[in-house]
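Okay, so here's the structure we're looking at.
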2 protein chains.
Amino acid sequence: MLSVDSDRRRRPTLDTVAAAVGVSRATVSNAYNRPDQLSSSLRERILETARSLGYAGPDPVARSLATRSSAAVGFMLPQGLSGAFSDPALSIVLDGLASTVDGHDHSLVLMPGDATGGPRPSIVTRTQADVMVAYSLPDSAPAFEAVAARGLPLVVIDQPVLPNSARVEVQDYLGASLAASLLLGLGHSSFGILTFSLHPDGVSGPVSFERRSAAPFRVSRDRLGGYLDTLEKGGVKPDNVPVWEARGSDRELGRLGARWLLTRTPRPSALLCASDQLAFGCLRAARDLGLTVPRDISVVGFDDVPEAAYSDPPLTTVRQPLADKGRRAGELALKLLAGGRPPRPTRLDVSLVERASTAPRT
Amino acid sequence: MLSVDSDRRRRPTLDTVAAAVGVSRATVSNAYNRPDQLSSSLRERILETARSLGYAGPDPVARSLATRSSAAVGFMLPQGLSGAFSDPALSIVLDGLASTVDGHDHSLVLMPGDATGGPRPSIVTRTQADVMVAYSLPDSAPAFEAVAARGLPLVVIDQPVLPNSARVEVQDYLGASLAASLLLGLGHSSFGILTFSLHPDGVSGPVSFERRSAAPFRVSRDRLGGYLDTLEKGGVKPDNVPVWEARGSDRELGRLGARWLLTRTPRPSALLCASDQLAFGCLRAARDLGLTVPRDISVVGFDDVPEAAYSDPPLTTVRQPLADKGRRAGELALKLLAGGRPPRPTRLDVSLVERASTAPRT
DNA sequence: CAGCATGACTGAAGCGCTTCAGCCATGCCA
DNA sequence: TGGCATGGCTGAAGCGCTTCAGTCATGCTG
């Protein structure tokens with residue numbers, strides 16, 4: 001049976017319908033796109049005929065070519081899908097973005113990253129999208145050149161800072177400072193820090209000074225910097241603060257890192273984490289070691305994902321407006337699409353949410 | 001400065017490059033797509049000129065129109081993005097799929113669902129993709145009609161059973177039976193069941209018989225059926241088994257449901273869950289209530305996500321090969337794209353993984 | 001009743017690319 | 001030396017649609 005193949009080949013087009021109804025192709029097009037351009041009776045007749053012919057509406061690709069707009073936004077991720085989505089923060093941001101662009105009949109094309117910290121240039125070149133959104137890509141991602149070469153508008157979430165792109169980000173450094181200050185205020189003086197990737201190389205482990213200062217991931221760099229600088233101002237030497245880098249932001253990796261941090265000598269009495277997921281891992285690691293949070297160890301996270309309110313104990317963390325971040329990025333994308341120039345960066349507020357995972361040093 | 005707009009308008013095309021080099025458009029096209037059709041020196045010259053002209057390669061949309069292939073696979077989800085991705089199982093499946101199609105230079109278009117349990121038909125109609133993948137959509141999803149109307153090949157993951165589509169699914173019923181048998185074998189006789197959505201209406205709560213039997217989500221139906229039928233064979237009347245439906249598969253919703261289940265009279269000594277996420281919620285709920293797993297309560301999950309091995313206690317669960325599921329779906333999509341007929345459904349094996357969240361009834 | 005705005009529809013020019021049937025040298029073999 | 005395969009390139013026909021400048025009745029105004 002070859003009928004399937006030939007069915008697919010010989011699908012009806014606008015012309016088929018036009019001929020069947022006895023009108024011009026333009027009229028059929030108008031029936032779909034500009035109902036006000038023809039009498040509603042004729043429109044009805046056209047739609048009816050189309051249906052009976054098995055015509056499902058204007059072909060999206062042809063329409064895109066004619067309108068020079070593919071009605072899609074490309075979303076560039078720093079890593080593969082499963083890694084990326086192990087952090088619920090991304091899901092929330094993406095959901096905010098999707099609902100915004102979806103309301104404007106745009107679809108979302110996912111572009112997974114690889115070891116370069118972003119999608120391969122060839123992917124970027126071939127993806128049908130008329131605006132790109134970068135989510136927390138390293139400064140060095142080759143994907144950006146490809147975007148520029150295509151002349152596509154770009155909105156950047158979190159990082160990097162790029163000329164001629166719209167940007168939305170949060171006050172990571174400030175948020176981290178707030179968290180560190182809180183802990184200092186509670187009398188802590190011995191700390192450990194748990195961060196997610198500083199480099200896109202997929203390495204987990206203790207962080208050297210060089211590795212830290214050369215980090216291409218701004219978010220990690222800022223949060224880490226916020227923690228360390230503030231501690232230093234509080235009299236804690238950065239050299240005495242062990243830092244563990246997890247190669248992703250999920251709780252198992254957090255648990256692993258926390259286990260290392262909590263077995264340093266002297267043992268930290270407070271752990272600062274770059275994300276809630278990592279913090280959840282700390283809670284687990286503490287329990288594994290027979291330590292009680294917050295009595296023995298204080299833990300703070302970053303993000304304030306919904307679950308932070310329900311962990312055991314509820315997590316003290318830095319709140320960032322994740323859904324807003326996505327929505328705002330969506331609006332910016334739409335705006336650039338409409339020909340707008342990139343406005344000044346949107347900087348979203350962070351705030352400290354004190355729950356039960358922090359306590360005065362005993 | 002209008003230059004941005006006109007820049008975007010006046011981008012170089014194949015013709016621009018052809019004219020600059022002094023060859024025909026076909027030759028430039030060949031330079032990109034069929035290197036063997038021209039001398040490598042000419043090809044070099046063309047590529048070089050293109051670069052200097054700021055030509056980023058053939059326009060993806062135009063190319064798609066000419067080749068009648070959009071090189072994209074559409075992924076239809078039963079719900080919005082954040083809801084969908086709160087279950088890590090989806091991320092893993094999607095990752096498997098993405099890496100498969102990505103290797104063949106296809107991209108992935110996400111189509112979020114709404115309260116109908118799938119993407120709106122208008123989205124389906126307008127999305128540029130030449131094969132659709134449905135992930136656990138209800139039988140009733142209107143999205144399917146739209147797919148059929150466009151004549152697009154379809155691969156269905158998990159459900160529903162649709163004529164003329166490729167399908168990959170797991171032995172949900174069998175898996176559930178295994179889990180229930182294990183618990184029966186351990187001497188349990190008082191059970192509670194925690195399932196995710198039976199209907200796409202976003203309702204959480206105790207499940208009536210009607211609601212259960214009319215459930216449009218096959219996976220929930222099968223797992224629930226596997227549990228209940230097996231229990232019944234083991235002498236436990238289904239009427240005596242409380243069932244809670246969570247409107248999604250995340251641990252907070254699981255915790256909520258488990259709290260309800262664990263406060264029934266008599267209190268169940270074993271909880272059967274439709275997913276690991278829900279099971280994690282049970283572990284939490286048990287702890288909240290001062291109960292110890294598995295001494296007071298046995299808990300089993302479904303999926304065997306990576307974290308199941310590291311929960312406290314490690315989770316007894318039904319393993320399904322998630323990454324394989326995604327990969328297989330990707331291969332099927334590619335095969336249909338190549339003109340193949342839908343093969344017989346792929347049915348992946350499940351197996352019981354016994355860890356430490358189950359114990360004999362005390 | 002001339003003049004004109006209005007509504008309903010059409011013709012044709014693209015959008016940027018792929019592909020395939022040639023065409024033309026060139027080199028090789030017998 | 002004639003015949004033929006081969007490599008390298010081109011011309012032109014689409015792919016299916018949007019859009020815009022018209023054309024042509026029709027009805028309304030003065």
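A, B, ... follow the sequence lines: proteins, then strands. Residue 1 opens every chain.
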- Message: Filter on side chain to side chain donor-acceptor pair (under 3.5 Å), then keep only pairs touching residues 73-84 of chain B, sequence neighbours left out; what's left?
- Response: A/Asp95-B/Ser82
- Message: Using heavy-atom distances to pick each residue's nearest nucleotide on DNA chain D, tell me which of B/Ala66 and B/Val28 is more 5'.
- Response: B/Val28
- Task: Could you identify which residues of residues 36-48 of chain A place a heavy atom less than 4.0 Å from some atom of DNA chain C, listed by residue number, or say none?
- Result: A/Gln37, A/Leu38, A/Ser39, A/Leu42
- Task: Using a strict 4.0 Å threshold on nitrogen-to-oxygen distance, state whether B/Glu48 and B/Arg51 make a salt bridge.
- Result: yes
- Charged N to carboxylate O below 4.0 Å: is that the case for B/Asp102 and A/Arg120? yes
Measure from [atom1] on [X] to [atom2] on [N] and round the result to the nearest Å.
{"X": "A/Arg11", "N": "D/dC15", "atom1": "CZ", "atom2": "P", "result": "15 Å"}
{"X": "B/Leu65", "N": "C/dT18", "atom1": "CG", "atom2": "C1'", "result": "10 Å"}
{"X": "A/Tyr55", "N": "D/dG16", "atom1": "OH", "atom2": "P", "result": "10 Å"}
{"X": "B/Leu14", "N": "C/dG16", "atom1": "CG", "atom2": "P", "result": "10 Å"}
{"X": "B/Asp59", "N": "C/dC15", "atom1": "CG", "atom2": "C1'", "result": "9 Å"}
{"X": "A/Arg63", "N": "C/dG16", "atom1": "CZ", "atom2": "C1'", "result": "18 Å"}

For nucleotides 20-22 of chain C, print each protein N/O atom paired with a nucleotide N/O atom at under 3.5 Å, atom names and distance only.
none

- Item | Selected nucleotide, minimal atom distance to A/Thr13 side chain, candidates D/dG16, D/dG11, D/dT19 | D/dG16
- Note on the structure: Applying ring pair (Phe, Tyr, Trp, His ring centres under 6.0 Å) to B/Phe217 and not counting sequence neighbours gives none
- Can you name the residues that form a ring pair (Phe, Tyr, Trp, His ring centres under 6.0 Å) with B/Phe144, not counting sequence neighbours? none
- Note on the structure: Applying side chain to side chain donor-acceptor pair (under 3.5 Å) to A/Arg150 and not counting sequence neighbours gives none
- Message: Once you apply a heavy-atom cut-off of 4.0 Å, does A/Tyr32 come out as touching a base, just sugar-phosphate, or nothing?
- Response: nothing
- Identify whether any heavy atom of A/Val23 sits under 4.0 Å from a base atom; if not, whether one sits that close to sugar-phosphate; answer base, sugar-phosphate or nothing. sugar-phosphate
Check the phosphate of [N] against [X], side-chain N and O only, distance under 4.0 Å to OP1 or OP2. Yes or no?
{"X": "B/Thr27", "N": "D/dT10", "answer": "yes"}
{"X": "B/Arg68", "N": "D/dC15", "answer": "no"}
{"X": "B/Thr67", "N": "C/dT18", "answer": "no"}

Looking at residues at least two apart in the chain, or sitting in another chain, which of them share a side-chain contact (heavy atoms from CB on, under 4.5 Å) with [X]?
{"X": "B/Val219", "answer": "B/Ser136, B/Asp158, B/Asp172, B/Phe196, B/Arg223"}
{"X": "B/Ala31", "answer": "B/Leu38, B/Arg43, B/Ile46, B/Leu47"}
{"X": "A/Ala26", "answer": "A/Ser24"}
{"X": "B/Thr13", "answer": "B/Asp15, B/Thr16"}

- Answer yes if the side chains of A/Arg327 and A/Thr100 hold a donor-acceptor pair under 3.5 Å, and no otherwise. no
- Contact string for nucleotides 21-26 of chain D, one letter per nucleotide 5' to 3', B = base within protein heavy-atom range under 4.0 Å, S = sugar-phosphate only, - = neither, reads ------
- Message: I need the full list of ring pair (Phe, Tyr, Trp, His ring centres under 6.0 Å) pairs touching residues 117-136 of chain B, with sequence neighbours left out, sorted by first then second residue.
- Response: B/Phe75-B/Tyr135
